[in-house]
Amino acid sequence: MRTRLSRSGPLPEETVDVAVVGGGVVGAAVARELAGREADGRALSVALVEARPDVGDGTSKANTAILHTGFDATPGTLESRLVRRGYELLGGYAERAGIPVERTGALLVAWTGEELAALAGLADKAVKNGYRECEVVGADEVYRLVPALGPGALGGLTVPGESIICPWTTTLAFATEALARGAVVLLNTRVKGVEHDGGEETVLVTNRGTLRARWVVNAAGLGSDRVDRLFGHERFTVTPRRGELLVFDKMARPLANRIVLPVPSSRGKGVLISPTIYGNVVLGPTAEDLRDRADTSTSEEGFAFLVDKGLALMPELLKEEVTASYAGLRAATERGDYQVHLDAAQRYLVLGGIRSTGLTSSMALAEHAAGLLAEAGLVTSVRDDLPEPPRMPNIGEAFPRPYMRDDLIARDPAYGTVVCFCERVTAGEIRDALTSPLPPADVDGLRRRTRAMMGRCQGFFCGAEVGQRLALTKESR
């Protein structure tokens, strides 16, 4: 099957070996993994099916972007095992594909006697999860590591392996490599129904027609339970959990040289302060269960809650400018672990309830999925004709950007022509994104590929030119 991208054209007429429903970071990782495999001497044909106009446009675009060690996962769970494995896989892949990662480390801070007493147990839990680098430290060391913390910290737990990563580039890299390996990426394609023809195929009924597949992998994130029900199951229910965050200006970055974590509770990991790969600092997230699976609005109550938390955690941070705010939805379920279920008779696998650790565990989930499918009869081996991983454009602040590279500018002056001055995004980067194998469908997609309009002015200066470049490119396609 030839490499192709379809936003609104006809669906493939031929039956694909595997349809992966959901083009977030997990679905893209699965598509990449399976497109790199063969069965009976023939490369698997894979279709990545995404309801939105771009990959990574749902939960995957709005998380806290941490590459987790898994130190605080529940020992013995599938999540614990896959986060640990995914940390190693994604860390190595990021180097090969040019995905920006900063090994900042993290500090878990105890503010009460109860939290202080819990630190030793968290260190023991980390060891049970295979991570042995944590160390309980006193208040003096806490303030030496993060001098800007507010008063009252009693102690902490260091987690030197925690890192920050670019979630947008990660999803794009997986999907781009899936394309290069021969997969079809079907955007604007929402699965509405499932039919079985009595044979060994499943018919996915979508808003754009039908797609026939021999196997189906459900990685639909917030919609994974609904797709699961289309296959006749009632195994879990996704409750969208909204997390609001505040993004502070790059001038705030010296205040947060590492990730500052709270002692986790049953509601989640709580409010953190973290540097970002783009040079900013984020405060959040909140945790609010909703009914609306599309409600990514921010709220006055959420902002007030974060301001109160921020004033206690790091008062100096609240003196800096907030340049943006956003909210993401996590696929929370009533279960305490990932919901991974295989139905061999239906040739169907669900990867549901993948929470905020899904970014870290994405490659491990893909590896695990391939193993489960093999047990069910789709026995594959890794192809020996695979292309090299794509080398993704760097949008991380800690690494040389095109406007800084005289060699690039000498070869192509477009890399020296700045369009977005807040984020130093050049005409060459915008052109490259618009002509890439997975070009953006809209301005938000272009933001995620280049950082254009993400700075202080939020596109006030460059928005018109960026929008015009996008429109002209779409017209010429």
Side-chain angles (χ1 to χ4, degrees), residues 21-29 50-52 55-68 70 72-74 77-80 82-83 86 90 162 164-168 170-171 218-228 235-247 259 261-262 264-274 276 282-299 301-302 305-306 309 325-340 350-362 364-365 448:
V21 181
V25 70
V26 174
E50 169 55 41
R52 293 174 178 262
V55 297
D57 195 28
T59 297
S60 298
K61 73 180 180 184
N63 57 37
T64 49
I66 295 176
L67 183 59
H68 293 285
D72 59 346
T74 302
T77 59
L78 181 62
E79 180 179 20
S80 170
L82 294 183
V83 169
L90 183 52
E162 295 282 289
I164 56 176
I165 188 171
C166 179
W168 307 331
T170 302
T171 306
N218 171 8
L222 289 165
S224 57
D225 59 335
R226 292 177 173 175
V227 175
D228 201 43
R235 292 183 280 215
F236 61 95
T237 298
V238 170
T239 300
R241 181 166 294 163
R242 181 169 63 180
E244 300 179 54
L245 299 101
L246 298 178
V247 182
I259 305 160
L261 299 169
S265 70
S266 59
R267 289 286 296 169
K269 296 181 184 297
V271 173
L272 56 81
I273 294 171
S274 177
T276 76
V282 296
L283 171 68
T286 59
E288 179 186 5
D289 288 346
L290 305 176
R291 291 186 177 182
D292 186 348
R293 302 189 186 208
D295 185 1
T296 56
S297 62
T298 54
S299 66
E301 295 78 13
F305 173 80
L306 292 177
K309 284 287 187 180
S325 62
Y326 67 94
L329 296 175
R330 289 161 275 175
T333 74
E334 70 276 32
R335 311 294 183 186
D337 199 0
Y338 291 169
Q339 293 302 292
V340 176
V350 57
L351 308 175
I354 311 300
R355 296 166 295 195
S356 59
T357 54
L359 172 61
T360 300
S361 64
S362 55
L365 274 160
R448 294 193 294 273

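The residues of the chain are indexed from 1 along the displayed sequence.
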Quiz item: How would you list, by chain and number, every residue that makes a side chain to side chain donor-acceptor pair (under 3.5 Å) with Ser361, sequence neighbours excluded?
Solution: Tyr338
Exercise. Kindly write out the residues that satisfy side chain to side chain donor-acceptor pair (under 3.5 Å) with Thr360, not counting sequence neighbours, or none if the list is empty.
Key: none
Closest non-hydrogen atom pair between [X] and [Y], with its separation:
{"X": "Thr298", "Y": "Ser325", "answer": "CG2-OG, 4.1 Å"}
{"X": "Val26", "Y": "Ala219", "answer": "CG1-CB, 4.2 Å"}
{"X": "Ile354", "Y": "Ala331", "answer": "O-CB, 4.2 Å"}
{"X": "Leu359", "Y": "Leu90", "answer": "O-CD2, 3.4 Å"}
{"X": "Ala327", "Y": "Glu244", "answer": "CB-CG, 3.9 Å"}
{"X": "Gly86", "Y": "Ala364", "answer": "N-CB, 3.5 Å"}

Nearest 0.5 Å please: distance from the [atom1] atom of [X] over to the [atom2] atom of [Y].
{"X": "Glu288", "Y": "Arg241", "atom1": "CD", "atom2": "CZ", "answer": "11.0 Å"}
{"X": "Ile164", "Y": "Ser274", "atom1": "CD1", "atom2": "OG", "answer": "5.5 Å"}
{"X": "Leu351", "Y": "Leu82", "atom1": "CG", "atom2": "CG", "answer": "9.5 Å"}
{"X": "Asn63", "Y": "Arg355", "atom1": "CG", "atom2": "CZ", "answer": "14.5 Å"}
{"X": "Ile165", "Y": "Thr170", "atom1": "CD1", "atom2": "OG1", "answer": "4.0 Å"}
{"X": "Arg330", "Y": "Thr357", "atom1": "CZ", "atom2": "OG1", "answer": "11.5 Å"}

Quick check against the 3.5 Å criterion: does [X] have a side-chain atom that pairs as donor or acceptor with the backbone of [Y]?
{"X": "Ser80", "Y": "Ala73", "result": "no"}
{"X": "Thr77", "Y": "Asp337", "result": "no"}
{"X": "Glu334", "Y": "Thr237", "result": "yes"}
{"X": "Thr59", "Y": "Leu329", "result": "yes"}

Set of residues satisfying side chain to side chain contact (heavy atoms under 4.5 Å, CB included) with respect to [X], sequence neighbours excluded:
{"X": "Thr239", "result": "Asp289"}
{"X": "Arg335", "result": "Phe236, Thr333, Gln339"}
{"X": "Ser297", "result": "Arg242, Asp295"}

Quiz item: For Arg226, does the CZ atom sit with more than 12 other heavy atoms under 6.0 Å from it, leaving out its own atoms?
Solution: no
Practice problem: Determine whether Pro285 and Thr64 make a side-chain contact, defined as any pair of heavy atoms from C-beta on separated by less than 4.5 Å. | Solution: yes
Quiz item: Can you tell if the side chain of Leu272 reaches within under 4.5 Å of the side chain of Ile66, non-hydrogen atoms only?
Solution: yes
Exercise. Any chance you could lay out the side-chain contact (heavy atoms from CB on, under 4.5 Å) test for Val227 and Val350, step after step, and finish with the verdict?
Key: CA-CA 9 Å; Val227 175; Val350 57; over 6 Å; no
Practice problem: Just grab all the salt bridge (Lys or Arg N to Asp or Glu O under 4.0 Å) pairs involving residues 55-64, residues at least two apart or on different chains. | Solution: Arg52-Asp57, Asp57-Lys61, Asp57-Arg448
